[in-house]
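Worth saying up front: this structure is predicted, and the values here are computed from it rather than measured.
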Amino acid sequence: MKIMTNRMDRGFFRYQKEFEDKALEVLRSGWYVLGNEVKSFEEEFAAYTGSADCVGLASGLDALWIAFRVLGIGPGDEVLVQGNTYIASVMGITINGATPIFVEPDEFFNIDTTKLEEKITERTKAILVVHLYGQASKMDTVVELAKKYNLKLVEDCAQSHGARFHGQMTGTFGDVGCFSFYPSKNIGAFGDGGAVVVKDKKLAEDFRIFRNYGSEKRYYNKLVGANSRLDELQAGLLRVRLRHVEECQEERCQIAKRYLEEIRNPRLTLPRVREGATAVWHQFVLRTSHRKELIAYLNEREIGTIIHYPIPPHLSEAYKGLGYERGSFPITEQYADEVLSIPMYNGMTDEEQTYVIEALNRF
Ligand SMILES: *Cc1c(COP(=O)(O)O)cnc(C)c1O
């Protein structure tokens, strides 16, 4: 049996008719950018997350960098972020000329909140929390520290659509929640897409102006903005996804439950869920010090795996200029050496799950 790490076709075919009807509706409408689909999606996504407002953007990276821009964070400012994130989180900071200050992760792959305070200086302006792999970070401590030191709080929710901490949705704890709708995310478009959710309507207007060349009124430009708009087709298709989000999240939780209950192998460390947090299982990430052999073993059995992520941002070529080296962040680096994501996707059959579980148990 051949099992890929992700099967986006399954998520399409399950709701094929709805997606195709919506696509045709948008194509035939004659209106393709900033129209009713985007407006409706923004309202529905704001309601889903429990936010006052949502602004559709062109990607998750845009959501991040525009968030810091709109919040006024730039050169000379420091932003705290976990070391073990996807590099886009860090680019969201550095595109603005601000400096990322890396913090080691905790056992749940999120920012270690016990190590946050020691990193705060008078240059610290914001915390960027990444709810990595779909699990909510320890938001009570993060919110408390952001208040205490008067820091902006931005959440990278590219992997955590629908994940909660103490019942509250990720993306709603701070100033801005940044989402990606890249096709493989838990709520995925059929191309690129992103959004921010905010509780401050005035801030939402700043995003609306920024995403459209800095103009509120056509051809009257208040500032130098960007072209970062979620298009009508993607917004329409995302509205179809939103209708089915609960059943899709539930399905992922069921797969994760089986993995957690049935994978038994002392050479593998299974992920754990923090008390008070929920996980939406964007990825199911194991740790093992035998990763190379495991990948080869699973490959032979035609089971796909991916490493999220093999090179932490501080060691990537792109950030050589920050001056870090191996050993700068030992926990982050250990995770980069040990993590492995196994197949997890909507439409994964029971047989496929069993095949993966049995293979892992025999490793
Ligand atoms: C996917 C992702 C992004 C970037 O989103 P794009 O839509 O691909 O730009 C940012 N942060 C994290 C944690 C991601 O997983």
Side-chain angles (χ1 to χ4, degrees), residues 3-6 80-91 93-94 100-116 118-119 128-135 137-138 156 158-160 184 256 259-260 263-274 277 279 281-344 356-357 359-363:
I3 304 180
M4 295 192 274
T5 18
N6 195 359
L80 306 182
V81 61
Q82 69 203 62
N84 63 324
T85 185
Y86 180 50
I87 202 158
S89 316
V90 183
M91 289 184 179
I93 299 166
T94 59
I101 301 296
F102 297 111
V103 181
E104 291 269 49
D106 62 18
E107 63 187 292
F108 307 100
F109 302 113
N110 293 139
I111 200 161
D112 186 341
T113 54
T114 66
K115 294 177 181 156
L116 262 176
E118 68 201 50
K119 298 274 188 170
L128 173 59
V129 167
V130 188
H131 306 292
L132 201 71
Y133 307 146
Q135 173 160 196
S137 308
K138 195 175 183 315
D156 182 340
Q159 305 188 359
S160 74
S184 67
Y259 278 169
L260 290 171
I263 298 171
R264 308 226 166 275
N265 186 329
R267 300 173 94 193
L268 310 175
T269 306
L270 299 182
R272 299 205 305 124
V273 180
R274 180 194 314 282
W281 302 103
H282 173 60
Q283 302 295 346
F284 191 95
V285 180
L286 306 169
R287 281 176 52 203
T288 176
S289 49
H290 311 280
R291 186 168 68 185
K292 237 177 114 186
E293 300 106 278
L294 179 60
I295 293 170
Y297 165 91
L298 292 173
N299 250 338
E300 269 167 41
R301 282 152 190 79
E302 294 194 298
I303 298 174
T305 54
I306 315 190
I307 300 169
H308 293 105
Y309 300 93
I311 302 171
H314 74 275
L315 296 180
S316 77
E317 202 179 332
Y319 287 118
K320 257 200 316 239
L322 292 175
Y324 294 109
E325 52 193 41
R326 224 181 145 78
S328 297
F329 299 98
I331 302 170
T332 297
E333 291 163 22
Q334 189 188 351
Y335 285 179
D337 293 339
E338 293 187 352
V339 293
L340 191 66
S341 305
I342 61 172
M344 162 63 75
V356 171
I357 292 164
L360 287 168
N361 287 345
R362 267 188 246 114
F363 170 65

Could you pull out the closest heavy-atom pair between Ile87 and Ala318, with the gap in Å?
CD1-CB, 4.5 Å
Side-chain contact test, heavy atoms from C-beta onward, threshold under 4.5 Å: evaluate it for Leu286 versus Leu360 and give yes or no.
yes
Within the side chain of Gln82, is there an N or O that forms a donor-acceptor pair under 3.5 Å with the backbone of Asp106?
no
Would you mind reporting whether Ile263 and Asn361 have side-chain heavy atoms less than 4.5 Å apart?
yes
So CZ of Arg291 and OG1 of Thr288: to nearest 0.5 Å the spacing works out to 9.0 Å
Count the heavy atoms belonging to other residues, nucleotides or ligands that lie under 6.0 Å from CG of Leu260, then report whether that count exceeds 12.
yes
Let me confirm one number: the CE-OH distance from Met344 to Tyr259, rounded to the nearest 0.5 Å.
6.0 Å
Minimum heavy-atom distance Pro105-Asp112, with the two atoms named:
C-CB, 3.8 Å
Out of Leu80, Ile111, Thr85, Val90, which one pairs with Phe102 under the side chain to side chain contact (heavy atoms under 4.5 Å, CB included) rule?
Val90
Please answer whether the main-chain N or O of Arg272 pairs with a side-chain N or O of Gln135 as donor and acceptor at a distance below 3.5 Å.
yes
More than 12 non-hydrogen atoms from neighbouring residues, nucleotides or ligands closer than 6.0 Å to CD on Glu317, yes or no?
no
Determine whether Val339 and Tyr133 make a side-chain contact, defined as any pair of heavy atoms from C-beta on separated by less than 4.5 Å.
yes
ring-ring contact (aromatic ring centres under 6.0 Å, His included), that's the test. Do Phe329 and Tyr324 meet it? Break it down for me.
CA-CA 9 Å; Phe329 299 98; Tyr324 294 109; 5.2 Å; yes
Any side-chain heavy atom of Pro312 within less than 4.5 Å of one from Tyr319?
no
Closest non-hydrogen atom pair, Gly83 against Pro313:
O-CD, 3.3 Å
Working to the nearest 0.5 angstrom, can you tell me the gap between Leu270 CG and Asn265 CG?
9.0 Å
Quick one: does Asn84's side chain have a donor or acceptor within less than 3.5 Å of a partner on Phe109's backbone?
yes
More than 12 heavy atoms of other residues, nucleotides or ligands under 6.0 Å from NZ of Lys119: yes or no?
yes
Which one of Val285, Ile295, Leu268 satisfies the side chain to side chain contact (heavy atoms under 4.5 Å, CB included) criterion with Leu340?
Ile295
Test side chain to side chain contact (heavy atoms under 4.5 Å, CB included) on Phe108 and Val273; report intermediate values, then the result.
CA-CA 7 Å; Phe108 307 100; Val273 180; 5.8 Å; no
When you look at Asn6 and Ser184, which way does the side chain to side chain donor-acceptor pair (under 3.5 Å) test go after all the steps?
CA-CA 8 Å; Asn6 195 359; Ser184 67; 4.8 Å; no
Intermediate values then yes/no, side chain to side chain contact (heavy atoms under 4.5 Å, CB included), Leu132 and Asn110:
CA-CA 6 Å; Leu132 201 71; Asn110 293 139; 4.2 Å; yes
Compare every heavy atom of Gly304 with every heavy atom of Thr5, then report the nearest pair and how far apart it is.
CG2-O, 3.3 Å
Which side chain to side chain donor-acceptor pair (under 3.5 Å) pairs, counting each pair once, include a residue from residues 328-344, with sequence neighbours left out?
Glu104-Thr332, Arg287-Glu338, His308-Ser341, His314-Glu333, Arg326-Asp337, Gln334-Glu338
Looking at every non-hydrogen atom in both residues, tell me the closest pair between Trp281 and Pro271 and how far apart they are.
CZ3-CG, 3.7 Å
Mind listing the closest non-hydrogen atom pair of Glu293 and Arg267 along with its distance?
OE2-NH2, 4.0 Å
Under 4.5 Å between any side-chain heavy atoms of His290 and Phe363, yes or no?
yes
For Gln283 and Ile306, what are the C-alpha separation, side-chain angles and deciding distance, and is it a side chain to side chain contact (heavy atoms under 4.5 Å, CB included)?
CA-CA 10 Å; Gln283 302 295 346; Ile306 315 190; 6.0 Å; no
